[in-house]
Chemist: 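This is the structure I have questions about; it appears just below.
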Protein chains: 4
Amino acid sequence: MTSGKSPGNRMGRGGPDNLHDMPRKQEIMAAAAKVFARKGFKGATTSEIAREAGVAEGTIFRYFKTKKDLLVDVAGSLAVETLKGIMSEMSAKSDEESLKSLIYNRLELIRPNLDLVKVMFYEAQFHPEVRQMIFGRVIFEAAQMLSEYFEARVKMGIFRDVDPFAAVRSLVGAVFTYIMFDSVLKTANPAWEDSDPQEARDRRNVDLIVDIFLNGVRATREVPGGLPGKPDAGGI
Amino acid sequence: MTSGKSPGNRMGRGGPDNLHDMPRKQEIMAAAAKVFARKGFKGATTSEIAREAGVAEGTIFRYFKTKKDLLVDVAGSLAVETLKGIMSEMSAKSDEESLKSLIYNRLELIRPNLDLVKVMFYEAQFHPEVRQMIFGRVIFEAAQMLSEYFEARVKMGIFRDVDPFAAVRSLVGAVFTYIMFDSVLKTANPAWEDSDPQEARDRRNVDLIVDIFLNGVRATREVPGGLPGKPDAGGI
Amino acid sequence: MTSGKSPGNRMGRGGPDNLHDMPRKQEIMAAAAKVFARKGFKGATTSEIAREAGVAEGTIFRYFKTKKDLLVDVAGSLAVETLKGIMSEMSAKSDEESLKSLIYNRLELIRPNLDLVKVMFYEAQFHPEVRQMIFGRVIFEAAQMLSEYFEARVKMGIFRDVDPFAAVRSLVGAVFTYIMFDSVLKTANPAWEDSDPQEARDRRNVDLIVDIFLNGVRATREVPGGLPGKPDAGGI
Amino acid sequence: MTSGKSPGNRMGRGGPDNLHDMPRKQEIMAAAAKVFARKGFKGATTSEIAREAGVAEGTIFRYFKTKKDLLVDVAGSLAVETLKGIMSEMSAKSDEESLKSLIYNRLELIRPNLDLVKVMFYEAQFHPEVRQMIFGRVIFEAAQMLSEYFEARVKMGIFRDVDPFAAVRSLVGAVFTYIMFDSVLKTANPAWEDSDPQEARDRRNVDLIVDIFLNGVRATREVPGGLPGKPDAGGI
DNA sequence: TATGAATGAGTCTTCATTCAT
DNA sequence: AATGAATGAAGACTCATTCAT
C-alpha cells in the first residue's frame with residue numbers, strides 16, 4: 001500500500017506525464033505511511049514527512065488540518081487497501097483452496113506494511129478514530145464477509161451450526177497472530193528467519209491454521225491424519 | 001504488577017509507618033507504568049509521571065538518569081513479574097490441568113497490565129533494551145521452560161516427537177493472540193464484553209487452546225469429539 | 001564586530017527596505033555576541049539572546065543547531081573580523097609608522113568587543129573549537145603574517161637575526177597585555193580612566209611598546225634617549 | 001594554595017586533630033578551588049565540590065550561604081595566598097636580584113593555580129565582589145607595596161622620578177601577561193612547550209622583563225648590550 | 001496554490017538550595 | 001553538626017502549526 005512515488009501513466013494532452021501522477025494528497029499520505037511505519041506516530045515529524053513527500057512542510061497542512069488527521073486518513077487508506085478484493089477471492093474452488101489463497105493474499109498484502117500495521121494497532125489505543133478505521137472497518141468488515149460465506153456453508157449442511165461470527169473471528173485471529181508473532185520473533189531473534197524461508201514457513205502455518213479451522217467446523221470430519229509435524233508460532 | 005500507590009501493610013499498633021511503605025523508586029516505577037499504559041512512552045510526560053507518583057519532577061531523575069531508563073526499568077520489572085512463579089505451577093497434575101492453570105494465571109497477571117504490555121511490545125520496535133527485556137527474557141525464557149517440560153514428555157513417549165520449541169511457541173502464541181485480540185474486540189466494541197462474562201470466555205477459549213494443543217501433540221489421540229460449540233477470537 | 005541591530009544603509013527613497021537589512025542569522029549572532037559579552041557563555045540564556053535579537057527562541061535553533069554552535073560561530077566571526085585588513089596596513093611607511101598604525105587599528109577593533117574577547121579566551125579553555133578559532137586562527141595567523149614581514153627585514157639586514165616568530169609573539173603579547181590590563185584597571189578602579197584620556201594613554205603605551213620592540217630587534221640601535229616618562233600597565 | 005586533603009599528622013587519642021586537620025570550611029574551599037579551576041564557576045556543581053571535599057552536599061551550605069559566597073571566599077583566599085610573603089622577599093640584594101626572585105616566587109605560586117586564576121579573572125567580569133578581591137586586593141596591594149619600594153629608590157636617586165605606581169604597574173602587567181600568554185600558547189599548541197623547558201623559558205623572559213624595567217627606570221643607564229637573543233611572548 | 005521562515009508552548013533534564021532526620 | 005533526599009525553577013531544545021509572500 002501507498003508505495004513511494006509511482007511513476008504512473010497519466011498524461012495531460014500528449015504530455016508525458018507531470019512529474020508525479022499521484023495527486024499531492026496521495027503523495028503526502030504515502031510519505032506519511034512510510035514515516036509512521038519507521039518512527040511511529042509521535043516519532044514522525046511533519047518535517048520528515050514533508051521531506052519524504054518532496055513538498056514543503058506547510059503544504060501538508062493544506063491537505064490535512066492536523067498531523068492527527070493525517071494519521072487517521074492513512075489508517076483509513078490502510079483499511080481500504082487491506083479490504084480490497086477480499087471477496088473476489090472466495091471463488092468456486094474448494095473451501096480449502098479458497099481460504100488458503102485468501103489468506104496467502106492477505107499475508108502478501110500486510111507483510112510489507114507490517115510496521116505500519118503495528119503502529120496503527122498501537123495508535124488505536126489512543127485514538128478512537130484510528131480504532132474505528134482499523135477494527136471497525138477492517139476486522140469486523142472482513143469477519144462480516146467471511147461470516148456470510150460461513151453461514152451459507154452452514155445452511156448447506158457443510159459446516160457445523162456454530163456461531164458463524166465467532167468461528168470466523170477465530171480464523172482471522174489465528175492468522176493475525178501468526179503474522180504478528182512471526183515478525184516479533186524475527187526482530188527479537190534474527191536467526192529465527194534463517195531456520196526456514198519465509199514462504200515455506202507461511203505455507204506450513206497457513207495450511208495448519210486452515211486445516212484445523214476446517215476440521216473444527218466441518219460437519220463431517222475428514223481423516224484426521226493430516227497434522228503436519230512441526231507447526232510454528234501462531235499456529236495450531 | 002506495580003499497583004498504584006501502595007495498599008500498604010502498615011501495622012496497626014506502634015508502627016512508625018512511613019507514609020508509603022513502597023520505596024520511592026518503586027513508587028515512581030508504578031506511576032510510570034500507569035502513565036505509559038495510558039499514553040504510551042512518548043505521550044507520557046515526566047511531569048505527569050511525577051504528579052501520578054506524588055513527587056516533584058526532579059525527583060524522578062534522582063532515580064532514573066533519563067526517561068528512557070525509566071522505560072527500560074519498567075519493562076524489566078514487567079518481565080520479571082510476568083515470569084515469576086512460572087514453573088512452580090507445572091505441578092504434578094495432569095498435563096491438561098497443568099497447562100490450563102498456568103495459562104489462567106498468566107491471563108490474570110497480564111490482563112490488568114495489558115495496555116502496558118502493548119506499549120512495551122510497541123516500544124520494543126524502537127528500543128533494543130526493551131526488546132531484550134520483553135522478548136529475550138519473557139518470551140524466550142518462558143518458552144525455554146515449557147520446552148523442557150515438553151521434551152521430557154517426548155522422551156516418555158507421551159508427546160509426539162516434534163520440535164519442542166516450535167510446538168511450545170505455538171501454544172504461547174495462541175494464548176498471546178487470544179488475550180490481545182479479546183482486548184481489542186472489547187475496546188472496539190464494548191458490547192462484546194457483555195455477551196458473555198470475561199471469566200467464562202477465558203475458560204472456554206483457554207480450554208479450547210489447550211485441547212487443541214494437546215490433541216495436536218499427543219502421541220495417542222484422544223476421542224476427538226470435544227470441539228466446544230462456540231470458540232472465540234484467537235481460539236480454535 | 002556584529003554591532004547591535006543593524007546600522008542599516010536603508011536608502012531613503014523608493015527602497016522596499018526590509019525591516020532589518022542584516023539577515024536573520026547575522027542578527028542572531030550579533031545579539032549572541034552582546035549577551036555572551038555581558039553574561040558569559042553559560043550565563044547567557046537562549047531566551048535572552050532571542051529577546052535581544054528580537055526573534056522567538058525557537059528561531060535561534062533554525063540557524064544554529066545548538067547554543068554551542070552559536071558560540072563557535074560567533075568566535076569564528078570575531079576571529080575573521082579581527083584578522084580583516086591586517087596586512088593591508090603594513091604599507092610602505094617606516095617600520096615605526098607601520099607597526100603603530102597596525103596596532104592602533106587593532107586596538108580600535110578590539111576594545112568595543114573586549115568583554116566578548118575575554119569570554120572567548122575563557123571559553124577556549126573548555127571548547128577546542130573555540131580555541132581553534134581564537135588561537136589557531138587569530139593569534140597564530142596574525143603572528144604568521146607579521147613573521148613574514150619580520151623575516152624580510154632580517155634578510156635586508158635591518159633587524160637582528162632572532163627567531164622571527166618569537167620576536168613577533170612578544171610584540172603581540174605586549175599589545176594584548178596592555179589592552180587587557182588597561183581594561184581591568186578601568187573596571188576595578190573607574191578613577192583610572194579619568195586620570196588621562198583613553199586615546200592619549202593608548203598612544204603613549206603603544207608608542208612605548210613599539211619603541212622597545214624596534215629598539216630590541218633593530219640591528220643598529222637608535223639613540224636610546226626616548227623612554228617616555230610615564231609608562232602604563234602592560235607597557236614597559 | 002588550598003591543596004587537597006592534607007593527610008595531616010594524626011595520632012590515636014588525645015590528638016587535637018580530627019580526621020583531617022584542615023577545618024571543614026578550609027576543606028570545602030580547597031575542593032571548590034579545584035573544581036572551579038577545572039570547570040569554571042558555572043560549570044562547577046555543588047555536588048561535585050561536595051564529592052571532592054568528601055562531605056555531603058548540604059554541608060557546604062552550613063558554611064557558605066550560597067555557591068557564589070563560596071566563590072568569593074575562594075577568591076579571597078587566593079588573593080591572600082598570592083600576597084603572602086610578598087615583601088619579605090624584597091631583601092637586601094641588588095634590585096636585579098630582588099625583583100627577579102620576587103617574580104620567580106610569584107610564578108611558582110601562580111602557575112599551579114593558573115586555571116583558578118583565569119577563572120577568577122573571568123568571574124571578576126561578572127561579580128564585583130570577586131573583582132574587589134582579585135584586583136582591589138592582589139593587584140593594587142602588590143603594586144602598593146612595590147610602589148613604596150620604588151619610591152624609596154627614587155628618593156635615593158637610584159630610579160628616575162616617574163610615577164611609581166604607574167611604573168610598578170607596568171612591571172606587574174608584563175609578568176602577568178607573560179604567564180597568561182605562555183599558558184595560552186601551551187594549550188593552543190602543545191608543541192610550544194617542548195621547544196624549551198618551562199624553567200628556562202621563565203628565566204629568560206623574567207630576566208628580560210626585569211632588564212627592561214630596570215633599564216627603563218634607572219637614573220643612570222647600564223650598558224645596554226644585554227638583550228637576550230630570543231625573547232618570548234609577553235616579553236619586551 | 002505552495003512555500004518555508006517564524007513561532008512559542010511544551011519537553012526533558014540539571015542543580016542550587018532546603019529541611020527533616 | 002551533618003546528612004542527602006526532595007524540591008522546583010530555569011534552561012536548552014523540538015516541533016506542529018501559522019501566515020506573509
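Lettering of chains follows the sequences in order, A, B, ..., and the numbering in each one begins at 1.
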Chemist: At 4.0 Å (heavy atoms only), tell me whether C:Ala44 reaches a base, stays on the sugar-phosphate, or touches nothing.
Modeler: sugar-phosphate
Chemist: Would the distance check show the side chain of B:Lys67 and the main-chain N or O of B:Ala44 forming a donor-acceptor pair, the cut-off being under 3.5 Å?
Modeler: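 Yes, because the side chain of B:Lys67 sits within donor-acceptor range (under 3.5 Å) of the backbone of B:Ala44.
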Chemist: May I have the distance from D:Lys25 (atom NZ) to F:dA2 (atom C1'), rounded to whole angstrom?
Modeler: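 The distance from NZ of D:Lys25 to C1' of F:dA2 comes to 16 Å, rounded to the nearest Å.
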Chemist: What pair of heavy atoms forms the shortest contact from C:Asn113 to C:Leu78, and how long is it?
Modeler: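 Looks like CB-CD1, 4.3 Å.
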Chemist: Could you check whether A:Thr45 gets within reach of a base, just the sugar-phosphate, or nothing at all, counting any heavy atom under 4.0 Å?
Modeler: sugar-phosphate
Chemist: Rounded to the Å, how far apart are A:Leu71 CG and F:dT17 P?
Modeler: 12 Å
Chemist: Let me know the distance between CG of D:Leu70 and C1' of E:dC15, rounded to the nearest Å.
Modeler: 15 Å
Chemist: Measuring to OP1 and OP2 of E:dA6, would you say a side-chain N or O of C:Arg24 lies under 4.0 angstrom away?
Modeler: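 For E:dA6, OP1/OP2 do have a side-chain N/O of C:Arg24 under 4.0 Å.
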Chemist: What's the closest nucleotide to the A:Thr59 side chain, out of E:dA16, E:dA2, F:dT3?
Modeler: E:dA2
Chemist: To the nearest angstrom, how far is C:Asp69 atom CG from F:dT14 atom P?
Modeler: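 One finds 11 Å between P of F:dT14 and CG of C:Asp69, rounded.
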Chemist: Looking at the side chain of B:Arg62, which of F:dA6, F:dA16, E:dT3 is the nearest nucleotide?
Modeler: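 Nearest nucleotide to the side chain: F:dA6.
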Chemist: Find the partner of F:dT21: check Watson-Crick (N1-N3 plus N6-O4 or O6-N4) and G-U wobble (N1-O2, O6-N3) distances, both under 3.5 Å, and reply none if neither fits.
Modeler: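 Partner of F:dT21: E:dA2.
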Chemist: Indicate yes or no: at least one non-hydrogen side-chain atom of A:Tyr63 is less than 4.5 angstrom from one of A:Gln26.
Modeler: no
Chemist: As a test of reading the structure: which of F:dA2, E:dT7, E:dT13 is closest to the side chain of D:Tyr63, going by heavy atoms?
Modeler: F:dA2
Chemist: Scan every strand shown for a Watson-Crick or G-U wobble partner of F:dT14, both distances under 3.5 Å, and answer none if you come up empty.
Modeler: E:dA9
Chemist: Quick one: B:Phe64 CZ to F:dA5 P, roughly how many Å, whole number?
Modeler: 14 Å
Chemist: Please give, in whole Å, the distance from F:dA5 P to B:Ile60 CD1?
Modeler: 17 Å
Chemist: Please state how far atom CD in A:Glu27 lies from atom C1' in E:dA2, giving the value in whole angstrom units.
Modeler: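 Those two atoms, CD and C1', are 13 Å apart.
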Chemist: Start at the 5' end of DNA chain F and walk down; is the nucleotide closest to C:Thr66 or to A:Glu57 reached first?
Modeler: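 Looking at the nearest nucleotide for each, C:Thr66 comes out on the 5' side.
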Chemist: Using heavy atoms to find the nearest nucleotide of DNA chain E for A:Gly58 and B:Phe61 separately, return the residue whose nucleotide is more 5′.
Modeler: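 Its nearest nucleotide lies further toward 5', so the answer is A:Gly58.
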Chemist: Take the protein atom NZ of C:Lys67 and the nucleotide atom P of F:dC13, then report the distance between them rounded to whole Å.
Modeler: 8 Å
Chemist: How are the rings of A:His127 and A:Phe41 set to each other: parallel, tilted or perpendicular (split at 30° and 60°)?
Modeler: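 Because their plane-to-plane angle is over 60°, the rings of A:His127 and A:Phe41 count as perpendicular.
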Chemist: Can you find a side-chain donor-acceptor pair between C:Glu57 and C:Thr46 that sits under 3.5 Å?
Modeler: yes
Chemist: Counting only side-chain heavy atoms from C-beta out, which of E:dG4, F:dT3, F:dT17 sits nearest to A:Thr46?
Modeler: F:dT17
